[in-house]
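Just so it is clear, the model here is predicted, and its values are computed rather than measured.
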Amino acid sequence: MIITRLKPLTLLAIVSTILTLSSCQPKASMVEEEPMPSVLNEATVSSFASGIANGVLFGNAAAFNDVIDREHIKTLVSENSIVYSGFDVEGGEAYFEHAIQLGDQAVQAVDNGGDFAFVHYYEEGTVHHAVFRLYNNYIVDFYDCVVDTVNGQLMIEDCYVYSLGANLSENVKYNMLYNLLLQTNPDSDVHWLREAEELTKSGKHQEAVKLLEAHKDVLMEYPLFHQLYIVNLYQRNPKTFIAQMNHMKDVIDPRYKLFHELHCYYARGDAAGAEQVANELIPYTGDDPIYLFLLGQAYQNSKQYDKAVECYKILDEAMPLFWDLWQSELHCYKTLGDTASYRRCVLRGEEEFGKD
């Protein structure tokens, strides 16, 4: 098994604001002191991240959105002079604001029957990281957020999004640049990305791969290049996808490579491959129980329903029930002809989700 110790995350207590009384002189009033500046360490960052996750689970997108350091990300995005000028173009500021709303994405996933959690803290030199896991519709994503202090308060400086293969700031910058160039200089090199998008939408995956490979030297700085390239590599031939990803190991982030390999292995029903990749991801993301769900999915996709049920039973003890886990358990029990377990599972789902 991937996960040997399945323990729910322990929420750290939130430090309360301390109020002190002024000296006991006649007519003296109570004075509220300025909050103490936050100190960066594992306890404070974990508490901060747990608060974000709890807010999202209760439908509060602002719990995440409002702690993203907009000014810092905007500074990074504006390093490109064309993008900087784009903030003055109609819709430029609105696009930027929309692109950094990670909280909205997380709340939407939870509302859709998914899950969101703070799963891992680590330090890299003097940099503090909080890793969040998002699950939605059989896709697992991770946000590796750099946490720092701004005016004494903890904030998220930037965030590496696994599904994008890039930091949030880089993805926003190059998406803004791409859209601005399409409007102001449609004959520039980015028109190849636009053509690749159209080929992808029309299912012409072989043509899209060839086009992107032919122009990779001028397009590789755009995260969209690899996003399109990897999608089309998989759609062109799922059987050779892992080998193709291995050829790219020197030009893409290892987290991005592992992210796509994990989803490929479980989709094809390769439990051994899924487990191997999950174990390689654990140092980056922590030992998240969701990996056990994907292992169960791999067994289920290969029609090894008894082994899938073993994974799901352990997972039931490790995290709250979510829609896809419940549906997967029901399918396995029905296929195995385990009527008693099927009925128990139905009742549990009704208690969690309601009879409708």
Legend entry - Counterpart residues, salt bridge (charged side-chain N to carboxylate O under 4.0 Å, His left out), relative to Asp316 (two or more places apart): Arg348
Inset, instruction - Enumerate the residue pairs fulfilling side chain to side chain donor-acceptor pair (under 3.5 Å) with a member in residues 258-268, sequence neighbours excluded, ordered by first and then second residue. - result: Lys257-Glu261
Legend entry - Where at least one partner belongs to residues 130-157, residue pairs that pass salt bridge (Lys or Arg N to Asp or Glu O under 4.0 Å), sequence neighbours excluded: Asp115-Arg133, Arg133-Asp288, Asp144-Arg255
Inset, instruction - List in chain and number order the residues that pass ring-ring contact (aromatic ring centres under 6.0 Å, His included) with His72, two or more places apart in sequence or in another chain; answer none if no residue qualifies. - result: none
Legend entry - salt bridge (Lys or Arg N to Asp or Glu O under 4.0 Å) partners of residues 213-242, not counting sequence neighbours, each pair once: none
Inset, instruction - Just grab all the salt bridge (Lys or Arg N to Asp or Glu O under 4.0 Å) pairs involving residues 46-61, residues at least two apart or on different chains. - result: none
Legend entry - Any residue meeting side chain to side chain contact (heavy atoms under 4.5 Å, CB included) with Leu336, in chain and number order, not counting sequence neighbours: Tyr305, Val309
Legend entry - With Glu93 via salt bridge (charged side-chain N to carboxylate O under 4.0 Å, His left out) - residues at least two apart: Lys74
Legend entry - Sequence-distant partners of Glu195, salt bridge (charged side-chain N to carboxylate O under 4.0 Å, His left out), two or more places apart: none
Legend entry - Geometric class of the His128/Tyr121 ring pair [parallel <30°, tilted 30-60°, perpendicular >60°]: tilted
Legend entry - Listed once per pair and sorted, the side chain to side chain donor-acceptor pair (under 3.5 Å) pairs that draw on residues 329-340, sequence neighbours left out: Asp338-Ser341
Inset, instruction - List for me each residue that meets salt bridge (charged side-chain N to carboxylate O under 4.0 Å, His left out) alongside Glu97, sequence neighbours excluded, and say none if there are none. - result: Arg70
Inset, instruction - Using the test side chain to side chain contact (heavy atoms under 4.5 Å, CB included), find all partners of Leu228 that sit at least two apart in sequence or belong to another chain. - result: Leu193, Ala196, Glu197, Thr200, Leu212, Leu224, Asn232
Legend entry - Plane angle bin for Phe259 and Tyr162 - parallel if under 30°, tilted between 30 and 60°, otherwise perpendicular: perpendicular
